[in-house]
Amino acid sequence: GTEEAILAFYRVQRVLKESILWIVGREERRGYLKKLKSTVNKLHLNKKVRFFGYVSEREKFDLLKKAWVLIHPSAKEGWGLTVIEAGSCRTPTVAYNVSGLRDSIVNNKTGLLTDKNPTDLAEKILKLFSNRVLYDKLSRNAMIWSKKFDWENSTKISLDLIESIV
């Protein structure tokens, strides 16, 4: 989904000239980073996109606190942990409407879900940027929603489930 985030950002930055895209995380497939940088170059976004690579947990949360929005265009996701982490920093998410992400985002309440294409992704990002009331609502609700998820509670629920099966 990272390449689709870049394509969406290309549309966004044409309207929001000062916007910058941060790409955080390690390369999952050999050669993928080179492909992403080539896409950025072809779109003339070199000065607008910053690749961080792998970052520590502390740096990740520092970036999430500074970010205005998390863009999450995964084709499928087991669970959107980064969505919850971003929400804990009052950073709402715009993501593809796929399983895992639709479980971690309450559409139009804690974030925005989009069709699986960069055009719709860009449109929803621009919608969020142009509507401060909506942004404030999603930001506040994302933070409240994130507090419902903690390891202690998750462990208890999992243990209760295992015990009910055994």
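This chain uses plain numbering: 1 for the first residue, then up along the sequence.
Minimum interatomic distance between S130 and K127 (heavy atoms only, all atoms of both residues): OG-O, 3.1 Å. The two residues S19 and L16 make their nearest non-hydrogen contact at OG-O, 2.6 Å. For the residue pair L138 and P92, the shortest heavy atom distance occurs at CB-CB, 3.9 Å. When all heavy atoms of C89 and F61 are compared, the pair lying nearest together is SG-CD2, 3.7 Å. A pairwise comparison of heavy atoms in R90 and S139 identifies O-OG, 2.6 Å as the closest pair. Between F51 and V40, the shortest heavy-atom contact is CZ-CG2, 3.9 Å.
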Would you sort out whether K66 and D62 count as a salt bridge (Lys or Arg N to Asp or Glu O under 4.0 Å), showing the intermediate values? CA-CA 6 Å; K66 292 176 187 173; D62 286 344; over 6 Å; no

Set out, in order, the CA-CA distance, both residues' side-chain angles and the distance that settles side-chain contact (heavy atoms from CB on, under 4.5 Å) for I6 and L45, then state yes or no. CA-CA 9 Å; I6 293 167; L45 294 174; 4.1 Å; yes

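A distance-only check finds no donor-acceptor pair linking the side chain of D115 to the backbone of N117 [under 3.5 Å]. Although no hydrogens or angles enter the test, the distance criterion places a donor-acceptor pair under 3.5 Å between the side chain of E27 and the main chain of L33. In this structure a side-chain-to-backbone donor-acceptor pair under 3.5 Å is present from T91 to L64.
From Y54, atom OH reaches atom CD of E59 across 10.0 Å, with rounding to the nearest 0.5 Å. Distance check, rounded to the nearest 0.5 Å: CZ of R11 to CG of D120 gives 10.5 Å. T82 OG1 to E77 CD: the interatomic distance, rounded to the nearest 0.5 Å, is 6.5 Å. Taking OG1 from T110 and CD1 from I84, the interatomic distance works out to 7.0 Å, rounded to the nearest 0.5 Å.
With sequence neighbours excluded, the residues forming a ring pair (Phe, Tyr, Trp, His ring centres under 6.0 Å) with W22 are F52, listed by chain and number. By the salt bridge (Lys or Arg N to Asp or Glu O under 4.0 Å) test, E57 pairs with K60, sequence neighbours left out.
With respect to H72, the side chain to side chain contact (heavy atoms under 4.5 Å, CB included) criterion is satisfied by exactly one of L121, T114, L113, L101: L101.
Side-chain atoms of R102 and N107, non-hydrogen and from C-beta on, never get closer than 4.5 Å to each other. Here the side chains of L36 and E3 are in contact, with some heavy-atom distance below 4.5 Å. Two residues are said to be in side-chain contact when any heavy atoms from C-beta on lie closer than 4.5 Å; L128 and W68 meet this criterion.
Hydrophobic clustering, with ILVMFWY side chains joined whenever heavy atoms are under 4.5 angstrom apart, groups L134 together with V12. The hydrophobic clustering, which links ILVMFWY residues whose side-chain heavy atoms are closer than 4.5 Å, places V106 and Y135 apart. In the hydrophobic clustering of ILVMFWY residues, with side-chain heavy atoms under 4.5 Å counting as a link, L63 and I71 come out apart. Residues Y32 and L43 share a single hydrophobic cluster, defined by chaining ILVMFWY side chains whose heavy atoms lie under 4.5 Å apart. L81 and W145 fall within the same hydrophobic cluster, where Ile, Leu, Val, Met, Phe, Trp and Tyr residues are linked whenever their side-chain heavy atoms come under 4.5 Å apart, directly or through other members.
Counted by atom type alone, N46 and N41 present one or more donor-acceptor pairs between their side chains at under 3.5 Å.
Applying the salt bridge (Lys or Arg N to Asp or Glu O under 4.0 Å) test to pairs two or more places apart or on separate chains, those with a residue in residues 132-141 are R132-D136.
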